[in-house]
Amino acid sequence: MSNKQKRFFLQENEIPTHWYNIQADMINKPMPPLNPVTKEPLKPEDLFPIFAEELCRQELNQKDTWIEIPEEVREMYKYYRSTPLVRAYGLEKAIDTPAHIYFKNESVSPVGSHKLNSALAQAYYCKKEGVCNVTTETGAGQWGAALSYAAKVFGLEAAVYQVKISYEQKPYRRSIMQTFGAQVTASPSMSTRAGKDILTKYPNHQGSLGTAISEAIELARTTPNCKYTLGSVLSHVALHQTIIGLEAEKQMEMAGEYPDIIIACFGGGSNFGGISFPFMRHTILEGKKTRFIAAEPASCPKLTRGKFMYDFGDEAGYTPLLPMYSLGHNFAPANIHAGGLRYHGAGVIVSQLLKDKYMEAVDIQQLESFAAGCLFARAEGIIPAPESCHAIAATINEAKKCKETGEEKVILFNLSGHGLIDMTAYDQYLAGDLTNYELTDQDIEKSIENI
Ligand SMILES: *Cc1c(COP(=O)(O)O)cnc(C)c1O
C-alpha cells in the first residue's frame, strides 16, 4: 500500500513557463475565420476593437510553437498550481477495472474550475494594454466567477451579464462574482440597446447566452477602455488552458506512465484542448498512439452529429464566421444542468483535429452523466461539476471495456471543476426528477438548414 502514490505535484519552479500553441505543429492548419460581410479572412487588427490586442495575435498565430507565460500570470498561477494529478484508486476499485485511471484536478482553483487559467491571462493582457474595464457574459456562472476574480487581481472593473434564468436559479454564483467585486446584471437588461430591444418585444424574456453576448459586446464597443472577454471556444483560450496538459505530462512522468487514452468533457473545447494538445504534440511529431476522446452531452452533440461548416459563434450573428463543427447558431439546446456544455459549436482547432481524425467524440446522456458523477463522488470524495461528469462517464465506459479485455490501459481524464455550487442539480437527480433528451435527425437538420 505505502508505495502506491496517490497524488503527484510539481514544485513551484517546475510549473511550465510557456503555453503550447498546437496550431504551429498542425499539418492541416485551421481555416481562417471570415469577416461575415466581405468574406475576407480575418486579420488580428480586425479583432482589436473587441479583444485585447495580444489575444487577437495569439488567436491567429500559426507560427510560434511556444508562447511565454507572462511573469505576472505565472505569479498568480502559483496561488493554485500545480494542480494535483491523482491516481483514482477508489474509482478503479469501484468498477473493478485493470485500467490505471488518473485525473487532473482543476477543481482546486480558487473559483472551482479550469476557467481561471485563461481569465488570469486575459485580464493581464487587458491591464497591460491600458484597459480599465472588462465585460463578458456567463450562463452557469463559472466563467463569470473566474473573470471577476482575475479582474480584481489586475485592478480592472468587471461587468458581467448573467443569463436571467441562471441569475435567479444560481444565486450563489452571482454572490461569488459580487464578492470578488464584479457588477452583475441579469440579461436581458435595460442597460443596453440590445437588451432594451428584446425587453420591449418580450417583457418576460428569460435570457440566453446569445442575448447576454450581444449586451456584453455592445458595452465593450460603446465604453472607452473596455474590452470583451470569452471563456471558451476561441483558440487563445485553449492556448492558455494547455498549462493543464503540460503539467500533466510532467506528472505522468513522475508516475512512470504515459496515457493510452485522454478524456475531457466538451463545451467549446478549452479544457479538452488544454489537457490534450501537449500530448497530441507527440502524436503529430512522433506518431505516438494515444486516443483523445471528447465527451459531449447527447442534447448538444455538435461533434458527434453536427456539420463542419462556416457558422457564427453567437445567436445574434455578430461574430466572425468560424470554420467549425456546429449544430447551427440558432440551435437551442435542452436545459440540461451542465450549462457549460450548452454551446452549438466547437473551437476551430478541435474542429480541424476531429476532421483529420486525431481525436474522437462520444455523447453522454444526462442521467448517465449524473450516475457517473455520484459513483465518482462516493469513490474519490470529490463532487464533480455536472460538466465534468460527462468526462467521468466516458472514462468509466473505457475502463469497463478494459475489464472485459483484461487490458491495463492508462486513462487520463480532466476533472474540469467541482459541483459544490451545483447541488440543486444533484438534488433533482437524486429525487428522480431529471430526464434524458432525445434529438431526432430532423431536429438537427432543421437547425443546420436555418443558417
Ligand atoms: C465552462 C466549463 C466547461 C466547458 O467549457 P470548455 O471550454 O469546453 O472546457 C467544462 N467544465 C466546467 C467545470 C466549466 O466551467
Side-chain angles (χ1 to χ4, degrees), residues 83 103-119 122 136-150 160 162-163 166 170 173 176-177 209 229-245 262-277 292-297 300-303 313 324-325 333 336-351 353-354 359 361 363-364 369 372-373 376 382-394 413-422 425:
T83 63
F103 64 92
K104 182 73 167 148
N105 187 359
E106 289 297 305
S107 84
V108 302
S109 102
V111 298
S113 81
H114 69 288
K115 294 244 169 39
L116 191 59
N117 300 330
S118 184
Q122 295 191 40
T136 197
E137 75 290 329
T138 196
Q142 295 271 31
W143 169 245
L147 186 73
S148 300
Y149 173 53
V160 181
Q162 184 172 18
V163 176
S166 80
K170 303 203 183 234
R173 284 262 162 64
I176 290 172
M177 293 187 263
L209 269 182
T229 64
L230 199 58
S232 180
V233 186
L234 295 175
S235 301
H236 67 260
V237 183
L239 171 76
H240 306 150
Q241 295 296 352
T242 59
I243 188 79
I244 303 172
I262 296 180
I263 298 173
C265 68
F266 196 100
S270 77
N271 93 89
F272 173 83
I275 193 153
S276 298
F277 293 169
F292 300 92
I293 305 176
E296 63 181 5
C300 195
K302 59 242 166 194
L303 299 175
M324 61 182 180
Y325 279 92
I336 54 165
H337 281 281
L341 308 185
R342 293 178 70 241
Y343 183 71
H344 67 274
V348 303
I349 297 177
V350 276
S351 289
L353 292 169
L354 180 67
M359 56 178 276
D363 62 342
I364 305 286
S369 73
F376 179 79
I382 301 170
I383 296 180
E387 291 85 1
S388 314
C389 290
H390 291 72
I392 297 170
F413 78 87
N414 193 39
L415 184 71
S416 54
H418 68 66
L420 294 176
I421 322 281
D422 303 280

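In each ligand, atom 1 is the first atom listed, and ligand 1 is the first ligand listed.
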Report task. Kindly indicate whether the side chain of Ile244, heavy atoms from C-beta on, has any atom under 4.5 Å from the side chain of Glu106. Result -> yes

Report task. Flag the pair Phe266 / Lys302 as yes when at least one side-chain heavy-atom distance between them is below 4.5 Å, and no otherwise. Result -> yes

What distance separates [X] [atom1] from [Y] [atom2], expressed to the nearest 0.5 Å?
X      : Y      : atom1 : atom2 : result
Trp143 : Arg173 : CH2   : CZ    : 14.0 Å
Leu420 : Ile382 : CG    : CD1   : 10.0 Å
Asn414 : Ser388 : CG    : OG    : 7.5 Å
Gln122 : Leu234 : CD    : CG    : 8.0 Å

Backbone, side chain, both or neither: what part of [X] comes under 4.0 angstrom of ligand 1, heavy atoms only?
X      : result
Trp143 : neither
Leu341 : side chain
His114 : side chain

Starting from [atom], find the nearest protein heavy-atom neighbour and note its residue, name and distance.
atom                    : value
atom 4 (C) of ligand 1  : Gly340 O, 3.4 Å
atom 8 (O) of ligand 1  : Gly267 N, 2.6 Å
atom 7 (O) of ligand 1  : Ser232 OG, 2.5 Å
atom 11 (N) of ligand 1 : Ser416 OG, 2.8 Å
atom 1 (C) of ligand 1  : Lys115 NZ, 1.4 Å

Requested in this report: Find all atoms of ligand 1 within a distance of less than 4.0 Å from any non-hydrogen atom belonging to Gln142, and give their numbers and elements.
Outcome: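 That gives atoms 13 (C), 15 (O) of ligand 1.
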
Query - Atoms of ligand 1 close to Cys265 [distance to a heavy atom under 4.0 angstrom, numbered from 1] - result: 10 (C), 11 (N)

Query raised in the report: In terms of side-chain heavy atoms, does His240 have a donor or acceptor partner in Ser118 at a distance below 3.5 Å?
Result: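 Ser118 and His240 do have a side-chain donor-acceptor pair below 3.5 Å.
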
Query raised in the report: Of the listed options (Ser113, Ser270, Gly417), which comes nearest to atom 6 (P) of ligand 1 when hydrogens are ignored and any heavy atom counts?
Result: Ser270

Query - side chain to side chain contact (heavy atoms under 4.5 Å, CB included) evaluation trace for Ile421 with Lys170 - result: CA-CA 8 Å; Ile421 322 281; Lys170 303 203 183 234; over 6 Å; no

